[in-house]
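Computed from a predicted structure; not experimentally measured.
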Protein chains: 2
Amino acid sequence: MLCIDRYKMRGMTSTTTRGRPRGFDRDAALDQAIRLFWRKGYEATSVRDLSEELSLRQPSLYNAFGGKHALFEEAVGVYDRRYGGFIDAALDEEPTAPQAIRRILAEAPARYTREGLPRGCLVAAGDQGTDDERIRTTLSRLREQKTDDIRRKIETDMTAGRLAGSIDAAGQAGYVMAVLSGLVQRARDGAPRRELEQIAGVASVVLP
Amino acid sequence: MLCIDRYKMRGMTSTTTRGRPRGFDRDAALDQAIRLFWRKGYEATSVRDLSEELSLRQPSLYNAFGGKHALFEEAVGVYDRRYGGFIDAALDEEPTAPQAIRRILAEAPARYTREGLPRGCLVAAGDQGTDDERIRTTLSRLREQKTDDIRRKIETDMTAGRLAGSIDAAGQAGYVMAVLSGLVQRARDGAPRRELEQIAGVASVVLP
DNA sequence: TCCTTTTTGTATCGATCGCTATTTAATAGG
DNA sequence: CCTATTAAATAGCGATCGATACAAAAAGGA
């Protein structure tokens, strides 16, 4: 089989790579790795699990992705853009912070219980049960970024006079992220979507 | 050293056990095991970690506790009574559900960031990152029990007329547990107690 | 056609996992 | 004393962990 990224641009001319062509679709394999890490977490996913799920021998996996840790980092990056973007979308598209947060809480239950995809969120739960400090830091930073995004959205409304200046923007943002984290936990516990929707409904009552 | 539980009651007469006496304090060792499981979770805690932390050789550990799984189950049971009882206490001691829930949310930030103890909650996070279905089920059931306790407290208020009959008791209870779960996650991420208090403060606004 | 380069499949590596067989030490009952 | 019983200490079990050495296979460039 022909590899997709076999033809690369170097400078202004396209060149072909030498050597035996890759026998599998790297992007498709990465997507399967994303789902496995998403479902089981970093620590509970073994290289042999990945090798079996992606139908790759271990040397091919290491040759294509570098190793378990490098594969996870790459998987998280693609996940965030491909599957985890509903928070960014809400913050970008909704005109006010309350509307954006309401939309986030309204969409989260469905997002965390999608048919044919693992439950919960790789960024929120992928580092559970691991001692690896690099993994924890990577995901912790991503979560912190989302929290900051929400806080800034609230602060924008406050400076524009749409929200009272007395509001605790950081507290509100942390609250939203904590509720999402709780929803992820419940989803991974096997709670039905209906229950997540009830919880999100109650959580939305707080909002200004 | 002399073992504490070496003298057992059999029928109405006290008897002594034969054989070499145990050379360590079983209860103290169990408490150290609780703290290690609490800090690292079931999967990330190896039997060698336990052996080192409790200053026991592995055969002594297996002889006294049966194995990693049995030790964890026993640790969870003691943890729930020794460290995790603030939810039950609030539900028992406060006269109404809103008061109990407010107290739970008010106490949780300190509970999850106690000096000299691991962050978070063993019951809420101890099964993170494990495939072992027995472990997941044990902790999942405990969490479900707490949720039911809160729900019943709310329903008691409703039937007594202290709360409106239109309230979604299960949703409210699930909401409280989801917020606690989120607080645990933040605590284990290293968030300062002040941040947890802000989040809990926002979360309390929902309550009737 | 050769040579170089890259991927593939086989067959491991050393480390660590949970666990235990075996022997020695320490107590009580007789 | 001797025997029975229990615990401690040494050493190692088979399985799995992440990662690789090595050689055969498949492509392009000369």
Side-chain angles (χ1 to χ4, degrees), chain A residues 1-8 10 13-26 28-29 33 36-37 40-75 129-132 134-135, chain B residues 1-8 10 13-26 28-29 33 36-37 40-73 75 129-135:
Chain A
M1 189 191 299
L2 228 143
C3 173
I4 291 178
D5 60 358
R6 192 162 158 69
Y7 301 91
K8 305 171 183 172
R10 185 186 300 162
T13 65
S14 84
T15 71
T16 65
T17 59
R18 308 206 326 183
R20 177 171 175 172
R22 184 174 284 136
F24 61 93
D25 185 337
R26 192 183 186 279
L36 197 57
F37 279 132
K40 304 185 63 171
Y42 178 79
E43 198 66 28
T45 301
S46 74
V47 175
R48 282 167 182 82
D49 290 337
L50 289 162
S51 173
E52 190 170 344
E53 188 83 6
L54 317 196
S55 302
L56 297 182
R57 314 287 175 175
Q58 292 191 79
S60 295
L61 196 154
Y62 276 83
N63 180 57
F65 298 105
K68 183 183 176 183
H69 175 256
L71 174 55
F72 182 80
E73 297 280 357
E74 188 172 350
T130 185
D131 274 342
D132 194 316
R134 301 169 300 172
I135 302 293
Chain B
M1 188 191 299
L2 228 143
C3 172
I4 291 177
D5 60 359
R6 191 163 159 68
Y7 301 91
K8 305 172 184 173
R10 186 187 298 162
T13 65
S14 84
T15 71
T16 64
T17 59
R18 308 208 323 186
R20 179 172 173 173
R22 182 175 285 134
F24 61 94
D25 185 338
R26 192 182 186 279
L36 197 57
F37 279 133
K40 305 184 60 171
Y42 178 79
E43 197 66 28
T45 302
S46 75
V47 175
R48 282 167 181 82
D49 290 337
L50 289 161
S51 173
E52 190 170 343
E53 187 83 5
L54 317 195
S55 301
L56 297 182
R57 315 286 175 176
Q58 291 191 60
S60 295
L61 196 154
Y62 276 84
N63 180 56
F65 299 105
K68 183 183 177 184
H69 176 256
L71 174 54
F72 183 81
E73 298 280 356
T130 185
D131 275 343
D132 194 316
E133 211 53 55
R134 301 169 300 172
I135 302 293

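Within the 4.5 Å cutoff, the side chain of Lys40(B) has heavy atoms near those of the Leu36(B) side chain. Arg22(A) has its side chain within reach of Arg26(A): a pair of non-hydrogen atoms, C-beta onward, lies under 4.5 Å apart. Residues Leu61(A) and Arg57(A) have side chains not in contact (no heavy-atom distance under 4.5 Å, counting atoms from C-beta outward).
The phosphate of dT7(C) (OP1 or OP2) has a side-chain N or O of Arg22(A) nearer than 4.0 angstrom. Distances shown here put a side-chain N or O of Tyr62(B) below 4.0 Å from the OP1 or OP2 atom of dC19(C). Dashed line: the shortest gap from a side-chain N or O of Ser60(A) to OP1 or OP2 of dT7(C) is not under 4.0 Å.
The side chain to side chain contact (heavy atoms under 4.5 Å, CB included) test applied to Lys68(B) returns Phe37(B), Tyr42(B), Val47(B), not counting sequence neighbours.
When the C1' atom of dG9(C) is taken as reference, atom CD of Glu52(A) falls 17 Å away, rounded to whole Å. The CG atom of Asp131(A) sits 16 Å away from the C1' atom of dG18(D) (whole-angstrom rounding). Note: CZ (Arg57(B)) to C1' (dT10(D)) measures 9 Å, nearest angstrom. Rounded to an integer number of Å, the gap from CZ of Phe24(A) to P of dA26(D) is 17 Å. Computed from coordinates, the Asn63(A) CG to dT7(C) P distance equals 4 Å when rounded to whole Å. If you measure from atom CD of Gln58(A) to atom C1' of dT20(D), you get 10 Å, rounded to the nearest angstrom. One can place NZ of Lys68(B) at 13 Å from C1' of dT16(D), the figure rounded to the nearest angstrom. What separates CZ of Arg18(A) from C1' of dT5(C) is a distance of 5 Å, to the nearest Å.
Taking five base pairs at each end of the helix from dT1(C)-dA30(D) to dG30(C)-dC1(D), the local helix axes there meet at an angle of 10°, rounded to 10°.
Judged by distance alone, the side chain of Asn63(B) and the main-chain N or O of Ser60(B) form no donor-acceptor pair under 3.5 Å.
Here CG of Asp132(B) is found 5.0 Å from OG1 of Thr130(B). Values are rounded to the nearest 0.5 Å. Leu71(A) contributes atom CG, which lies 9.5 Å from atom OG1 of Thr45(A) (distance to the nearest 0.5 angstrom).
Heavy-atom distances to DNA chain D give each of Glu43(A) and Pro59(A) a nearest nucleotide, and the one nearer the 5′ end belongs to Glu43(A).
Closest approach to the Pro21(A) side chain among dA7(D), dC19(C), dA27(D) is made by dA27(D) (side chain taken as heavy atoms from C-beta onward). Checking dA25(D), dG18(C), dC17(D) against every side-chain atom of Arg48(A), the shortest atom distance belongs to dC17(D).
Across all strands shown, Ser51(A) has no heavy atoms under 4.0 Å from either base or sugar-phosphate atoms.
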